There are 4 protein chains.
Amino acid sequence: MIKVGIVGGTGYTGVELLRLLAQHPHVSVAAITSRSETGVKVCDMYPNLRGHYDTLAFSEPDAKQLGAMDAVFFATPHGVAHALAGELLDNGTRVIDLSADFRLRDADEWSRWYDQPHGAPALLDEAVYGLPEMHREKIKNARLIAVPGCYPTAVQLGYLPLLEAGLIDPSQLIADCKSGVTGAGRGAKVGSLLAEASESMKAYGAGGHRHLPEISQGLRDIQQLADIQQTANTQQQPIGLTFVPHLTPMIRGIHATLYGRLTAEPGDLQALFEKRYANEPFVDVMPAGSHPETRSVKGINTCRLAVHRPGNGNTVVVLSVIDNLVKGASGQAIQNLNLMFGFDENTGLTAPALMP
Amino acid sequence: MIKVGIVGGTGYTGVELLRLLAQHPHVSVAAITSRSETGVKVCDMYPNLRGHYDTLAFSEPDAKQLGAMDAVFFATPHGVAHALAGELLDNGTRVIDLSADFRLRDADEWSRWYDQPHGAPALLDEAVYGLPEMHREKIKNARLIAVPGCYPTAVQLGYLPLLEAGLIDPSQLIADCKSGVTGAGRGAKVGSLLAEASESMKAYGAGGHRHLPEISQGLRDIQQLADIQQTANTQQQPIGLTFVPHLTPMIRGIHATLYGRLTAEPGDLQALFEKRYANEPFVDVMPAGSHPETRSVKGINTCRLAVHRPGNGNTVVVLSVIDNLVKGASGQAIQNLNLMFGFDENTGLTAPALMP
Amino acid sequence: MIKVGIVGGTGYTGVELLRLLAQHPHVSVAAITSRSETGVKVCDMYPNLRGHYDTLAFSEPDAKQLGAMDAVFFATPHGVAHALAGELLDNGTRVIDLSADFRLRDADEWSRWYDQPHGAPALLDEAVYGLPEMHREKIKNARLIAVPGCYPTAVQLGYLPLLEAGLIDPSQLIADCKSGVTGAGRGAKVGSLLAEASESMKAYGAGGHRHLPEISQGLRDIQQLADIQQTANTQQQPIGLTFVPHLTPMIRGIHATLYGRLTAEPGDLQALFEKRYANEPFVDVMPAGSHPETRSVKGINTCRLAVHRPGNGNTVVVLSVIDNLVKGASGQAIQNLNLMFGFDENTGLTAPALMP
Amino acid sequence: MIKVGIVGGTGYTGVELLRLLAQHPHVSVAAITSRSETGVKVCDMYPNLRGHYDTLAFSEPDAKQLGAMDAVFFATPHGVAHALAGELLDNGTRVIDLSADFRLRDADEWSRWYDQPHGAPALLDEAVYGLPEMHREKIKNARLIAVPGCYPTAVQLGYLPLLEAGLIDPSQLIADCKSGVTGAGRGAKVGSLLAEASESMKAYGAGGHRHLPEISQGLRDIQQLADIQQTANTQQQPIGLTFVPHLTPMIRGIHATLYGRLTAEPGDLQALFEKRYANEPFVDVMPAGSHPETRSVKGINTCRLAVHRPGNGNTVVVLSVIDNLVKGASGQAIQNLNLMFGFDENTGLTAPALMP
């Protein structure tokens, strides 16, 4: 049994960590912090936790207390993990950061997209991007994990087999993504009210969204790793990605619809995907012709994929669905923790999706 | 490990049994029947079950096969369990019926409400009404369980402490109940379409609903058991219940708002409820002043209750929420199974609710 | 063509006034105020108004400007109309207040429920409660209208025929009401987020809600008016109302389920309701056995009613649906304006409901 | 005042015609047919029509009765208008067909996509595609109108300025479209149940959808008309469109996200769109940087557009929203009728959208 802490536990990824960890046999949540809710019991704020965490209460973040944990999750806005991660690592505590703080390897690029200086550039070298389907071995030995964003997870897993195989033009990628409203967090914003966001659909950030550089970096990594494996191919084109997110009237779920232009006859795309993900516990390639529904992953850590080639033409379409709060955040964080501590990768993550 | 079968597994209570039993360490689902879907794999119809039941397929109902099970669940329309239950019981198979077939002890009354003759009146004597909070000991030794309906569960658990204590006038009960649309089943009906049922609220069956006689019978049982315990009080008034169900634009959940007229100073109602349910694993009395939300029980077997006495007047209001597919159907069925087979009562039913 | 102003136009009742008045042939909106949004065009905040109010912008509230209007609507939080109404009336401007400021005739009672002193007790005498089905003649000559609250409108119209006829016990009324989330306003509150309020149902204010004294006062008025008409009957019982509102996962709509205990054989309840409302342009008594849906009044000023007597027993159930933003607020305000200025009562209010 | 009939009035486009025509000062609905509902009053099926069509009832389709109308709308499944249109036209009745029967000019192509022979190929020559923004003059003199499909309307209006200006590569178009569930009609299908379709997002028809050939034909028309206007340019590339529709958990609305690759520096895209649609009563180009919401057109005949060029790169993104039942069906049908009969184009179509 390991002891973990959660920094910034009042948001949706925080409560989702609690929900999932309640089922984890080897993890005990020993601390959860929130400056604004100090003293409030988590089950008073989240009644679904009654009977599961009857004594755990929010506390002021305290580096000493957190430094006594085996691992600490950051479920915080960006900037917070920058300030605390170093001290925790020095104490031997592993850090699993669900925020954007360590996702971009280039501190300057981070600074441009987040409009503030990077607070811990010295840690970037050892931060591991926590997408197990790409970086499993590194994760096992990591001290500091940058859990991928929700859109980046869905998009990268969808493009991965195609980019690895060099089948699509990397300069002409289009990712049209739809997210439930929990993606916008638990902050009280008019645009997230039921009366505003339900019975409607809209794009946002069409001119540029913070997940764009993260996805682009991840897709470049896929290219480079593939290149290494294939030893040769030095003429890789740069990633050119158009990414348009949409706000969808549902609580959870991301549906990424990914378009790529084939550069050659691709052979059996279905087989390509099935082979690539045959041993992945949390990627499910649906049968040919399928259209995965986001509800089929509601509450679980699975990414379901389907690949189509409409009219046998030169465009390939990948449909990729995840639960933004699970595989897109808290579930993937626990998957990382399992890898880091040598537990079975799916420990605590085995329940079926809630459907209907 | 026991082997169970599910008759009529294509509906919502069927898939919910599968979802919950996937987490049950002592139960293996060995057969699931559906005439219309014979040969179809359950995970092809319900993609959330992919990875959990990859080979289980619907089969024709076969008494011999089912008779080899330790227990059989009926997740069928009314009338089906009547026809099969006897033969299964003769084979030593326990029967847990989620339909209405054995809920009413009076075959004639059943016949009036369901517009057809009762198909198995001889079995009524041994059928046990599967509300553990009322009949736990009988359930442990039962061979045939009538799992309570969804509305009846929420209503009875809410009125139970008040009727047992003789605090309210049983002839003036009003149960105003709100249900999500899964209560109407998975049948393709125009009224259940998203385009018809969402963004709207309506009552139905205000003139009389089939759950009315079941609730009334249950409330009479509460009176009588209380009477026995208190040895005296022979002047109990008859139950007079007005029950109005409403269709609510959500997938799961029942919210019962229960009104009773106090017949005397009730003392501490909060304490009364807390004491009554102190040892019940699946009834959660919320703190005084609470308003339980149906989402706080989404996917779980818990009934959450709150009791109010507005303006300190002579009306008591109980708020009772359940998930209609879990405590109102499949979860309660498994709770019964656990009791019948000597497992811990909450085996397989320990996950927190999915919220948000 | 008359000129009107709207004070506090950024909320849902403000934009709803604009939506409805865009169709009114005799009204021009000449001013709309909002301190926080001064200078912003209304169509920039509410894109549905593009093409209808392309130049109208929010301005600072200015008594002189408003005093030049024929009428001013207050679509403000409570307290605001208290401060401004007197000056406007002195200028000869009619005031139609959608807030609670002038609904209760007793300033002390108002003060208790709203936790602040009443700001304009001298105006209470001439304020007319703007429920046309009760007070049409007074409204025609009024200078100051208190537009009824949303719940009070649905509840009073449902009980009206029964109380007038003296058929139910006024001391045992139960109003179980369900409202869409726009009833909570456009404020950014966590509890109104789609991620919190959708897929769930909850009661609130079970211990006491500000609409309770308003409804009780209105029901007493019904009794007294009926008493006067019948000259005699001096033994009227006091109103005893239990009112429990519920938050329902939809944008618009109120469904009031009203329970009353019959004190005598009621005769033909359906005929009673049909006769009472035969000449009312905005009350629609549905055929016997109906269950009105809130969506059938989405966007319109109609209240649809159905009356049931379950099992021919001693409880009568009235189902009453309105759109909380229209008959429950802005539509009723315009109905009042039509009466006050001698327009046809339904001017600008004739479109059918949006369904589906 | 003209007299119109509606064939197949029980579906969503039928009731929407009735809702909109209730506000039309020059049109009287004299007949509405439905084989299955003959004798039922329309207001009994659609309570929102109570008070608007209190006597109109569904009748058997009768060519003689319909032939006495000035115009007949077909709100039917495909194939029905084929059978009746000819006879009506011979009687001098104009036909406005909301189905797909006359949208494709190539009878063989129609036959391939709809799996049955074309039933009225002789009428194809005179059928006019009822997109006023493209074919206004032809519509004015037409006897037979093929009202565009919902997706095709949103997609064509979005691409129109770009294709006319020759700014994008027509062989690399991607239309990622999201539709509310009324797009699937009022048929009782499991997939359209609230319990199945809400809280979820899915693509469908990724391999090929019947609206694809209609859109492609329309985009070719745009190219050709532009070519004619510019007299020269004979090297137009063929249309290559990838079209992926998605089922979105809302009642109404289509959001089309359209991607095109720029073939040259485009200049001021915002100005291009504004100029093209400056005189169009039902196309609203939003300010630069906007993200139109589908709810901003709920219930109205407007298409709102925004154009983006992310990162100033070589991909242009157009966001196009309509109400699928109005501009995508019944509203556009009435817009066509207005043009055909010389009424103001926006007659009966002037109400603002219902928002929130």
Side-chain angles (χ1 to χ4, degrees), chain A residues 9-16 19 34 36-37 40 44-48 150 178-204 246-254 294-295 298-299 323-326 328-330 353-356, chain C residues 9-16 19 34 36-37 40 44-48 150 178-204 246-254 294-295 298-299 323-326 328-330 353-356:
Chain A
T10 60
Y12 289 139
T13 54
V15 64
E16 190 71 356
R19 183 182 73 83
S34 162
S36 62
E37 305 292 335
V40 175
D44 286 346
M45 175 170 275
Y46 292 109
N48 65 323
C150 48
K178 300 90 178 166
S179 173
V181 296
T182 48
R186 194 168 167 269
K189 286 171 287 190
V190 169
S192 302
L193 297 176
L194 190 154
E196 302 284 320
S198 77
E199 285 300 309
S200 194
M201 184 84 190
K202 60 173 280 197
Y204 64 100
H246 298 73
L247 189 66
T248 309
M250 59 188 185
I251 298 173
R252 288 167 180 252
I254 281 181
T294 61
R295 67 182 184 133
K298 191 160 51 181
D323 184 323
N324 55 304
L325 295 181
V326 191
S330 305
L354 187 72
M355 178 178 145
Chain C
T10 60
Y12 289 139
T13 55
V15 64
E16 190 71 356
R19 182 182 74 83
S34 163
S36 62
E37 304 292 335
V40 174
D44 286 347
M45 176 170 275
Y46 292 109
N48 64 323
C150 49
K178 301 90 178 166
S179 174
V181 296
T182 47
R186 194 167 168 269
K189 287 171 285 190
V190 169
S192 302
L193 297 177
L194 190 154
E196 301 284 320
S198 76
E199 285 300 309
S200 194
M201 183 85 190
K202 60 173 280 197
Y204 64 99
H246 297 73
L247 189 65
T248 308
M250 58 188 186
I251 298 174
R252 289 167 180 253
I254 280 182
T294 61
R295 66 181 185 133
K298 190 160 51 182
D323 184 322
N324 55 305
L325 294 181
V326 190
S330 304
L354 187 72
M355 179 178 143

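Since we're looking at a predicted model, the values are computed, not measured. Just so we're on the same page: letters track the sequence lines, and every chain starts at 1.
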>> What's the separation between atom CG in C/Leu193 and atom CD in A/Glu196, rounded to the nearest 0.5 Å?
In response: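 Here the rounded value is 11.5 Å.
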> So, for A/Ala195 and C/Thr182, which heavy atoms are closest and what is the spacing to 0.1 Å?
Replying inline: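 Looks like CB-CG2, 3.7 Å.
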> Side-chain contact, heavy-atom cut-off 4.5 Å: C/Met250 with A/Glu199?
Replying inline: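 Not in contact.
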